[in-house]
Amino acid sequence: MVGIVGYGAYIPRYRIKVDQIAGVWGADVQSYRKGLLVEEKSVPAPDQDTITMAVEASKRAIKRAGIDPREIGAVYVGSESHPYAVKPSGTVLAEAIGACPEVHTADLEFACKAGTEGMYLAMSLVKAGEIKYGLAVGADTSQGAPGDPLEYTTAAGAAAFIFGHDKILAEVVETYSYTTDTPDFWRREYQYYPRHGGRFTGDPAYFKHIIGAGRGIMAKAAIKPEDIKYVIFHQPNGKFPLRVGELLGFKKEQIEPGLLVTYLGNTYSGSSPLGLTATFDIAKPGDLILIVSFGSGAGSDAFLFRMTERIEEVKDLAPKTRETLEGPKVYVDYGTYAKFRKKIRKANE
Amino acid sequence: MPTPARYWREIPQRYRLEAGRCRRCGFIAFPPRLICPGCRSREFEIIKLAEEGRVISYTIIRVPPHQFVDQAPYAVGIVELDDGVKLMGQIVDCPFEELRTGLRVRIEFRKIMEEGEAGIIYYGYKFVPA
């Protein structure tokens with residue numbers, strides 16, 4: 001049996017409300033609030049990036065796992081905002097948690113699904129018996145061009161999961177991946193901001209892949225939507241996950257516990273993984289939980305988990321995701337946000 | 001041009017707060033030392049410092065060294081960790097009006113500075129309100 005033995009979430013303290021962004025660009029804030037179902041989003045502090053958030057989320061996962069970090073045989077960081085173009089994020093993470101030097105490390109990138117990719121690799125290495133424990137993190141400080149619709153949602157956060165054979169809190173029941181070449185969102189080398197295909201990111205991209213992976217995993221596991229307690233889909237905005245859930249036959253009550261986007265924004269590689277941590281925080285032994293990620297380009301990874309008795313012992317050992325989201329937060333105005341995100345170009349000294 | 005060697009040497013302390021504890025008299029050296037200043041012993045064991053503590057003194061830096069210009073004004077404090085070790089570092093995510101001696105803080109992993117646009121990024125510990 002293979003499963004998750006520890007999980008952790010990290011969300012920065014700073015927030016910006018969509019009113020602030022709409023006000024600067026002369027946009028109709030109501031159409032964004034209603035159209036995207038987003039009220040505010042997280043903003044990384046100037047001294048935070050994918051690596052720092054990955055470290056904090058991983059420390060929380062290790063606390064819940066209660067393992068010696070030296071037993072972690074693989075460390076994977078999935079992100080589209082790795083701080084270096086060349087030099088791994090994973091080495092800093094592995095060193096910071098004390099997993100070096102006997103550890104395999106790689107950085108992954110696949111738009112918003114790099115986090116679940118790492119989870120798939122870590123799980124598979126544990127299953128193959130190559131490593132005792134494997135750590136996978138989805139983390140991003142995502143960027144949207146000034147004035148672009150993406151700017152209303154691109155946010156920051158990280159979720160970490162440790163896979164293993166023993167001390168399992170969520171058993172992996174089934175996995176399924178669905179991938180095609182679909183150019184709905186991209187960023188070329190040396191470009192600061194990504195580009196996207198507007199409405200093309202919907203039906204042929206998000207909906208096609210999540211429905212493909214969702215139906216695929218349920219058929220493989222021979223289960224129906226009503227057998228599942230909570231379901232988490234990638235959350236680029238509030239509307240898409242509710243709509244795709246409806247199309248797959250899920251009810252709002254199954255989707256909402258893992259839906260964080262309205263007050264968090266889209267944390268890209270951290271998006272559906274953070275939703276998963278929020279459902280673990282409230283799950284009961286025996287619950288079936290389904291996560292279906294989506295990454296532009298495009299693909300979806302689906303995991304079906306069954307919670308074990310151990311979830312009750314570990315959920316209180318680290319901060320819970322919703323408490324972190326609702327916890328002490330500091331609102332910034334657009335000017336501060338632009339400075340934090342380096343959207344203001346300073347003169348060379 | 002600065003070399004990454006110095007930063008690299010300090011990684012165990014910057015990332016993991018590794019200190020040396022004298023096996024004879026219990027003195028904790030951070031960063032580790034070769035000889036105990038208390039009892040002259042050379043026998044140390046590596047320990048990890050506590051990750052929480054309380055602020056015992058602080059100041060606000062308004063005229064910083066050039067690498068920190070974009071961060072100013074910022075708070076720097078001395079924190080007494082729960083194992084008794086006193087450590088200096090930046091206190092972040094804390095409005096200045098909430099800063100006070102006795103404030104409970106915990107360690108978070110943060111970016112300390114960057115060597116310009118093209119150099120390496122220095123990571124390490126800072127304090128945030130607990």
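Throughout, a chain's letter reflects where its sequence line sits, starting with A, and its residues are numbered from 1.
In this structure, T52(A) OG1 and I112(B) CD1 are separated by 10.0 Å, a value rounded to the nearest 0.5 Å.
Annotation for R106(B): atom CZ counts as buried by contact number, over 12 foreign heavy atoms lying within 6.0 Å. Annotation for E326(A): atom CD counts as buried by contact number, over 12 foreign heavy atoms lying within 6.0 Å. Within 6.0 Å of the NZ atom in K342(A), the count of heavy atoms belonging to other residues, nucleotides or ligands does not exceed 12. Other residues, nucleotides and ligands contribute more than 12 heavy atoms inside 6.0 Å of the NZ atom of K315(A). No more than 12 heavy atoms of other residues, nucleotides or ligands lie within 6.0 Å of CZ in R42(B), so this atom counts as exposed by the packing criterion. Crowding of I344(A) atom CD1: a count of heavy atoms from other residues, nucleotides or ligands under 6.0 Å exceeding 12.
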- Going through the distances and angles, do E117(B) and R345(A) end up as a salt bridge (charged side-chain N to carboxylate O under 4.0 Å, His left out)? CA-CA 12 Å; E117(B) 293 267 303; R345(A) 181 176 288 189; over 6 Å; no
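K339(A) touches chain B through its side chain: at least one heavy atom from C-beta onward sits under 4.5 Å away, while N, CA, C and O do not. Proximity to chain A (any heavy atom under 4.5 Å) is shown, for P12(B), by neither the backbone nor the side chain. For A96(A), the parts lying near chain B are the backbone and the side chain together; criterion is any non-hydrogen pair under 4.5 Å. Proximity to chain A is limited to the side chain of K126(B), based on heavy atoms less than 4.5 angstrom apart. Of the two parts of I120(B), the backbone and the side chain both hold a non-hydrogen atom closer than 4.5 Å to a non-hydrogen atom of chain A. Residue I121(B) touches chain A through both its backbone and its side chain, counting heavy-atom pairs closer than 4.5 Å. Neither the backbone nor the side chain of K329(A) has a heavy atom closer than 4.5 Å to any heavy atom of chain B. Neither the backbone nor the side chain of Q71(B) comes within contact range of chain A; no heavy atoms are under 4.5 Å apart.
Closest approach of R16(B) and E95(A) over heavy atoms only: NH1-O, 2.7 Å. The shortest heavy-atom contact between E56(A) and F109(B) is OE2-N, 2.7 Å.
Residues D49(A) and Y123(B) have side chains that bring a donor and an acceptor to within less than 3.5 angstrom of each other.
In terms of non-hydrogen atom pairs under 4.5 Å with chain B, the most contact-rich of I97(A), V330(A), V55(A) is V55(A).
Under 4.0 Å is where a charged nitrogen must lie from a carboxylate oxygen, and between D47(A) and R110(B) at least one such pair does.
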